[in-house]
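Okay, structure first, notes after.
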Amino acid sequence: MEYCIGIDEAGRGPLAGPVTAAAVLLPADFPVEQLKDSKKLTPKRREALRELIISRACWSVGWASHRTIDQLNIHYATLLAMERSFLGLACGDKWDIP
């Protein structure tokens, strides 16, 4: 069985604060046609999709602090946040994954 995991970040632009990344694994029957650029969705639609993703998908969030950004630089801190989000995925309790 093959899986596709989407990972994206937020927080690269601000001058302060952490960088955040999220990893999401959608089930095969997820209505992907509903997913759009979140900036183009109405707040009401964005909230409805958030609830759908949280209830049906396997997801995780990872961070790298401002101190880590200062130590590594924003590029490597972003990759670290992405790695942490990926490693935080635990789908076995939602799905029958070996």
Side-chain angles (χ1 to χ4, degrees):
M1 187 176 296
E2 292 184 23
Y3 298 95
C4 181
I5 298 169
I7 300 176
D8 199 8
E9 56 73 29
R12 283 185 61 126
L15 294 175
V19 63
T20 303
V24 178
L25 173 57
L26 301 175
D29 62 345
F30 193 89
V32 295
E33 65 280 353
Q34 294 185 35
L35 301 177
K36 306 276 187 246
D37 181 343
S38 63
K39 295 173 191 81
K40 296 180 181 178
L41 297 171
T42 66
K44 184 177 180 177
R45 186 70 193 132
R46 189 170 35 251
E47 180 61 25
L49 285 170
R50 176 188 164 293
E51 293 298 325
L52 184 64
I53 291 168
I54 287 173
S55 67
R56 300 219 21 233
C58 179
W59 58 274
S60 176
V61 178
W63 293 271
S65 72
H66 67 282
R67 288 182 183 88
T68 302
I69 294 168
D70 291 344
Q71 290 173 345
L72 300 179
N73 77 40
I74 188 61
H75 175 74
Y76 290 110
T78 300
L79 294 177
L80 179 61
M82 289 178 166
E83 178 181 21
R84 288 173 172 168
S85 70
F86 173 78
L87 293 174
L89 289 172
C91 304
D93 60 335
K94 284 195 175 192
W95 305 337
D96 186 23
I97 295 178

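Not measured: the values here are computed from a predicted model. Side chains included, hydrogens not; waters and symmetry mates left out as well; all remaining heavy atoms used.
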For [X], which residues count as a side chain to side chain donor-acceptor pair (under 3.5 Å) partner, sequence neighbours excluded?
X     : result
Thr78 : none
Ser60 : none
Asp29 : Arg56
Glu83 : none

query: So if you build clusters from Ile, Leu, Val, Met, Phe, Trp, Tyr with side-chain heavy-atom gaps below 4.5 Å, do Val61 and Ile74 land together?
result: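 They do not share one cluster, since no chain of ILVMFWY contacts under 4.5 Å joins Val61 to Ile74.
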query: Do side-chain atoms of Thr68 reach the backbone of Ala64 as a donor and acceptor pair under 3.5 angstrom?
result: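 Checking the backbone N and O of Ala64 against the side chain of Thr68, no donor-acceptor pair under 3.5 Å is found.
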Taking all non-hydrogen atoms of both residues, which atom of [X] and which atom of [Y] are closest, and how far apart?
X     : Y     : value
Cys58 : Ala90 : SG-C, 3.8 Å
Ser85 : Ile7  : OG-CG2, 3.9 Å
Pro31 : Leu52 : CG-CD2, 3.9 Å

- prompt: Should Ile53 and Val24 be marked as a side chain to side chain contact (heavy atoms under 4.5 Å, CB included) after you check the CA-CA gap, both sets of side-chain angles, and the distance that decides it?
  reply: CA-CA 8 Å; Ile53 291 168; Val24 178; 4.2 Å; yes
Heavy-atom distance under 4.5 Å between the side chains of [X] and [Y], does that happen here?
X     : Y     : result
Leu25 : Cys4  : no
Gln34 : Leu49 : yes
Ile69 : Tyr76 : no
Arg45 : Lys36 : no
Trp63 : Val19 : no

field: Spatial distance of atom CG (Leu26) from atom CD1 (Ile5) [nearest 0.5 Å]
entry: 10.0 Å
- prompt: Is Glu47 salt-bridged to Lys44, going by a charged N under 4.0 Å from an acidic O?
  reply: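 Here Glu47 does not pair with Lys44 in a salt bridge, since their nearest N and O are not under 4.0 Å apart.
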- prompt: CZ of Phe86: more than 12 outside heavy atoms within 6.0 angstrom?
  reply: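 No - once you tally the heavy atoms of other residues, nucleotides and ligands closer than 6.0 Å, there are 12 at most.
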For His75, side-chain contact (heavy atoms from CB on, under 4.5 Å) partners two or more places apart: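 Expected list: Arg12, Asn73, Leu79.
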query: Residues in side-chain contact (heavy atoms from CB on, under 4.5 Å) with Arg46, at least two apart?
result: Ser38, Leu41, Pro43
